[in-house]
Structures are given as structure tokens and as C-alpha cells.
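Reading through the C-alpha cells given below for one structure.
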Amino acid sequence: MKIKIPIPDGVHVPRVRGLLASSFGRAPSDAFFARTPDRVYLEEGYRGCAILSEAPLGAYLTKFAVSAEAQGEGIARDLWEALVAETPVVFWRARRQNPISEWYAKLCDGLMRLREWTVYWKGLEPASVPAAIEWAVGQPVDISHDED
Ligand SMILES: CC(C)(COP(=O)(O)OP(=O)(O)OC[C@H]1O[C@@H](n2cnc3c(N)ncnc32)[C@H](O)[C@@H]1OP(=O)(O)O)[C@@H](O)C(=O)NCCC(=O)NCCS
């Protein structure tokens, strides 16, 4: 499996929209696509993606998704390995009820369970943790009534 790392400008946005819609059950809002991400890791067939934006404290993983028919093949694991290899600090959030939380708990250095979200981080300085949590929970909800 190949993971391409194109610059965001080189990404075929309608294919990413289709991938996210398949993965999450509905496409993100137009507001999400209006924000240009800093890095996108893509499975070569657009069956999985990890989308990152640079936040003041490190890289924020804004979307991590594998299309419905490709889940369970190890694509998320490959995307994760590609991104952590070149991302010393990364943090992200997931809905409390997301079934992937156990895996995220294994990947992260630490996590904080809040009412709606769990925030995860890897590589953060301890002193930066509160600000990262605040930053993550303050991000817009791009996919209504579902995990993002
Ligand atoms: C979460 C997601 C990206 C995982 O992608 P995937 O390619 O199916 O995952 P992989 O096959 O690489 O598996 C990675 C690990 O996650 C575990 N896993 C995958 N799907 C799981 C599920 N539904 N429930 C529990 N664990 C799961 C695997 O067992 C594996 O763990 P291991 O390495 O300890 O064996 C994918 O299920 C998805 O797109 N879900 C919908 C969107 C979403 O919720 N994204 C995350 C939002 S924060």
C-alpha cells in the first residue's frame, strides 16, 4: 500500500469529499473545504486520508478517515505510521462514543475524556496539554450529528 503525501493543492477535492462521506456517513460542511489544510496523507486510491493543520502547539489531526468498504485492512495504521514519522507533536479529538477510541488510546501519550470529546496527544510537552485540549474542543464541528 502506498501513502502519498501531496501538497493540499494537488489533492482532488471531490474524491476526498467522497472518501469522507463514505467514512463518516455524510460529507463535511462547505466550511471544512474552505479551510486549506497544511498536510494531507492519502492512500493512493483515495481510500483513506489523514488531514492535518498546523496549530500553535503542534499538528492538529483534523480528519482521519478510511472509506467504508476499505475499513479493517490496515489503511489507518499505514496512514498513522506515515504521519508520525514526520510529525513530532500531534493532537486530535474524537467523539466519546467512537469505537476507535481504544486504538487511539494505544497510539497516544495521553488523553483527556471530556463530556462530548476525548482529546488525545502525542509528543506534547506536559505544560502544553491544557492549551491543546482547549484548542481541540474549540474546533468547529464539520460533520453534524456524527463523529469527526
Ligand atoms: C477509524 C478508522 C479511520 C480506522 O480505519 P481502518 O483502516 O479501518 O483501521 P485499521 O484497519 O488500520 O486498524 C487500526 C486499528 O484500529 C482498530 N479498529 C479499526 N476499526 C475499529 C473499530 N470499528 N472498532 C474498534 N477498533 C477498530 C483495529 O483493530 C486496529 O487496531 P490494532 O492495530 O490494535 O489491531 C475508520 O474506521 C473510519 O474511517 N471510521 C469512520 C470515521 C472516523 O470515525 N474517524 C475517526 C474520527 S476521530
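We count ligands from 1, going down the list as the structure has it; atoms in each ligand are counted the same way. Side chains included, hydrogens not; waters and symmetry mates left out as well; all remaining heavy atoms used.
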On the six-membered ring of W117, is R95 placed so that its NZ or CZ lies under 6.0 angstrom from the centre and within 45° of the ring axis?
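Yes; both conditions hold, so R95 lies above the ring face of W117.
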Look at [X] together with [Y] and state whether they make a salt bridge at an N to O cut-off of under 4.0 Å.
X	Y	answer
E69	R47	no
D30	R17	yes
R77	E81	yes

If we only count N/O pairs under 3.5 Å, is [X] in contact with ligand 1?
X	answer
G74	yes
G72	yes
F64	yes
A94	no
A76	yes
S23	yes

Note: F24, heavy atoms under 4.0 Å from ligand 1, region reported as side chain
Which atoms of ligand 1 sit under 4.0 Å from any heavy atom of [X]?
X	value
R93	48 (S)
K106	32 (P), 34 (O)
N98	43 (C), 44 (O), 46 (C), 47 (C)
R77	12 (O), 33 (O)

Parallel, tilted or perpendicular, as decided by the 30° and 60° cut-offs, for the rings of F91 and W135
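Because their plane-to-plane angle is over 60°, the rings of W135 and F91 count as perpendicular.
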So, taking the atom named [atom1] in [X] and the one named [atom2] in [Y], what distance separates them when rounded to the nearest 0.5 Å?
X	Y	atom1	atom2	value
Y120	W92	OH	CH2	8.0 Å
L111	K122	CG	NZ	13.0 Å
D109	L124	CG	CG	8.0 Å

So is Y104 close enough to ligand 1, meaning a heavy atom under 4.0 angstrom away?
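Checking ligand 1 against Y104, which is what was asked, there is a heavy-atom contact under 4.0 Å.
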Heavy atom of E73 under 4.0 Å from ligand 1?
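The answer is yes, since E73 has a heavy atom less than 4.0 Å from ligand 1.
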Are the side chains of E43 and V66 in contact, using a 4.5 Å heavy-atom criterion?
no
